[in-house]
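Note sheet for the following structure.
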Amino acid sequence: MMRQARLNRCCRGAMKALLVSALALSGVVASSSIQAKPNGTIVDWMQSQEVIANHNLLRNINPSDAARGVVVASPSRVAPNYYFFWVRDAALVMDHVVNLFLEAKDTKSKNYYRELIWDYINFSRGNQVTPNRSGGLGEPKFNVNGSAFDGDWGRPQNDGPALRALTLTKFAYALMAEGDYVAVRDRLYNSAIPAYTVIKADLEFISHHWREANFDLWEESYGDQFYTRMAQRNALLVGARLAAKLDDQGAADWYNEQAKLLATEISKHWRSDLGAVLITLNRKGGIDYKNSGLDSAVILAALHSDSGDGFFDVTDERILASARKIEATFAQIYPINQNKNLGVAIGRYPEDRYDGYRTDREAHPWFIATAGFAELHYRLARKLAKSGSVTFTKKNLKFYQSLYPAGQTPSFINEGKLMGGDEKFQQLLTALVEKGDGFMRRVRQHTADDGAMSEQFNRYNGYMTGAEHLTWSYAALLTAVRSRP
Ligand code: NOJ
Ligand code: NOJ
């Protein structure tokens, strides 16, 4: 089945086939020596897929015909053309590269990642000062030579600067740990206004513009966005800490103050009538058919914007209530989910019409969403283990009960509290990891034999579809794998 999927894909264009074989010859493409292992355990597969995903992700950074620092969303240039630098995708991908940098043991690989990150920083600073149709820092994507993309698009998208600031702040701390305050002050965070350093410019933009309506991460709906606001709040909190450390206390106070105001607005996204977080409030434009109000970006928000204070994080009962509803909904609408041996394939939102090529079709499950659900369960298990207890509430109870197949939920999952010493607590953690593994089995099922991951996989037959080698798919797989307890 997967072999067929691969043939279909490479036969789409003779050019592409040529390119693939040329790359294979040059040893750039994952060769048969690093095959995924569909018959081994899921942990075995995750280990081999981690190697492939890292390789394929890095291949989408700095392609030879692009300016240094470019992360393409996908190497696909036609049907669909994803050969652009998306601020959001790049920030999420480079966050993983910063992790690789932090973990690198030998000087050579450390310097390799360091250089990739500096290239990205320079390119990003270029983005910030390039005039564009958003008229500010919310421009969602740039051409690979760094010029502004001037076609019609859903703009602005204000999650970009926030995600970028988060990624770069992590790097700034790494540099300061090495004692390199000079590089940080010169190029990442300097209190000078008007801002000429990347992080400072992002924080100024966020703190002055977070009230403005903008397009969501799916680039379709115009209004007040939960995902975006979560990223903005986290960036402001993290940025405030950085500002204080770099003697910019006035700015730190201002960022903290804005983060607090944002929290009030974010809380309004919880809708008790819906029993879930509503992704967009005060919609002013864009698509109008998201009737269920459910959207997996709520879960991605909890994953990408955890500010360490429990606010809408993976333990938050409102996030868990949303997760249960989203999963149950996708379980119903995608035919491939009739296979109950695998976790539920998750898409962007139930009414989605973007099939990876056009916006008037039935959409499919996405790797980033399905891997995101695995990560949610893994990270929840970790956090609960660390905190040493779990409290079942009216809002989260169904989530915990549905970790088990119908009729098999142990009776201890009932309102109340379970403590770490209790063996039932251990059972619960195991159930969470197993549930997460189910989502990863789903991801494995639809990943090509050679580890290639596109954007979506077909809801009827499971074949991959949409942009090939989507860089974000690899990043999502990698963060999920690395979050497993
Ligand atoms: C492509 C993608 O960004 C997708 O999210 C969006 O629905 C369409 N473009 C809008 O045209
Ligand atoms: C469509 C997705 O909806 C959007 O989130 C992403 O930024 C672009 N594709 C590029 O990958």
Side-chain angles (χ1 to χ4, degrees), residues 53 56-57 59-61 63 66 70-96 124 127 134 138-144 149 151-164 167 214-222 225-228 230-231 279-280 286-287 289-290 295-301 303-305 346-372 452-457 464-477 479:
N56 291 359
L57 176 144
R59 214 169 45 179
N60 290 352
I61 303 177
V70 163
V71 181
V72 290
S74 149
S76 177
R77 295 164 194 253
V78 282
N81 184 1
Y82 270 39
Y83 206 70
F84 294 95
F85 177 97
W86 260 270
V87 177
R88 162 185 43 262
D89 297 46
L92 294 169
V93 168
M94 291 309 291
D95 193 69
H96 173 68
S124 296
N127 294 162
S134 294
E139 183 65 6
K141 68 175 195 179
F142 290 84
N143 297 315
V144 300
F149 169 76
D152 291 340
W153 209 251
R155 58 165 68 86
Q157 295 174 20
N158 291 347
D159 58 329
L163 297 172
R164 176 169 60 206
T167 296
N214 67 106
F215 276 86
D216 71 325
L217 81 166
W218 308 136
E219 321 192 277
E220 302 175 318
S221 166
Y222 185 70
Q225 315 294 356
F226 180 79
Y227 179 89
T228 304
M230 285 285 286
I279 193 72
T280 303
I287 63 171
Y289 48 79
K290 294 178 76 166
D295 194 313
S296 61
V298 167
I299 306 310
L300 299 187
L303 298 176
H304 299 167
S305 302
I346 308 282
R348 299 196 301 183
Y349 54 91
E351 304 82 1
D352 198 353
R353 298 179 189 172
Y354 176 58
D355 69 351
Y357 310 96
R358 290 169 47 164
T359 51
D360 55 354
R361 301 265 181 87
E362 271 182 337
H364 302 288
W366 283 48
F367 284 113
I368 59 167
T370 310
M453 301 175 82
S454 59
E455 181 184 75
Q456 312 185 18
F457 43 96
M464 293 200 298
T465 184
E468 296 180 335
H469 292 296
L470 188 81
T471 323
W472 187 358
S473 290
Y474 294 122
L477 178 284
T479 52

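Whatever order the structure lists ligands and atoms in, that order sets their numbers, starting from 1. Side chains included, hydrogens not; waters and symmetry mates left out as well; all remaining heavy atoms used.
- Considering backbone and side-chain N/O of Leu217, one or more are found under 3.5 Å from N/O of ligand 2.
- Residue contacts with ligand 2: Arg88 is placed with a nitrogen or oxygen under 3.5 Å of a nitrogen or oxygen of the ligand (distance criterion only).
- Residues Phe215 and Tyr222 place their aromatic rings such that the two centres sit under 6.0 Å apart.
- When each of Arg155, Lys141, Arg88 is tested with Glu219 by the rule salt bridge (Lys or Arg N to Asp or Glu O under 4.0 Å), just one qualifies, namely Arg88.
- Neither the backbone nor the side chain of Phe85 comes within contact range of ligand 2; no heavy atom lies under 4.0 Å.
- Atoms CD1 and CG, from Ile368 and Leu217 in turn, are 7.0 Å apart once rounded to the nearest 0.5 Å.
- Shown in contact with Trp472 at under 4.0 Å from a heavy atom are these atoms of ligand 2, numbered in order with element: 5 (O).
- Residue nearest to atom 6 (C) of ligand 2, selected from Asp159, Asp216, Asp89: Asp89 (by heavy-atom distance).
- Heavy-atom proximity to atom 3 (O) of ligand 2, evaluated over Lys141, Arg348, Glu219, is greatest for Arg348.
- Judged as a side chain to side chain donor-acceptor pair (under 3.5 Å), and not counting sequence neighbours, the contacts of Asp295 are Trp218, Lys290.
- Between Phe84 and Phe149, the two ring planes are perpendicular [angle over 60°; tilted spans 30° to 60°].
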Take Ser454 and Glu468, measure what side-chain hydrogen bond (donor to acceptor under 3.5 Å, both in side chains) needs, and give me the verdict at the end. CA-CA 4 Å; Ser454 59; Glu468 296 180 335; over 6 Å; no
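- With a 4.0 Å heavy-atom cut-off, ligand 2 is reached by the backbone of Trp218 and by its side chain too.
- Which parts of ligand 2 touch Tyr82 is read off a 4.0 Å heavy-atom cut-off, strictly below it: atoms 1 (C), 9 (N), 10 (C), 11 (O).
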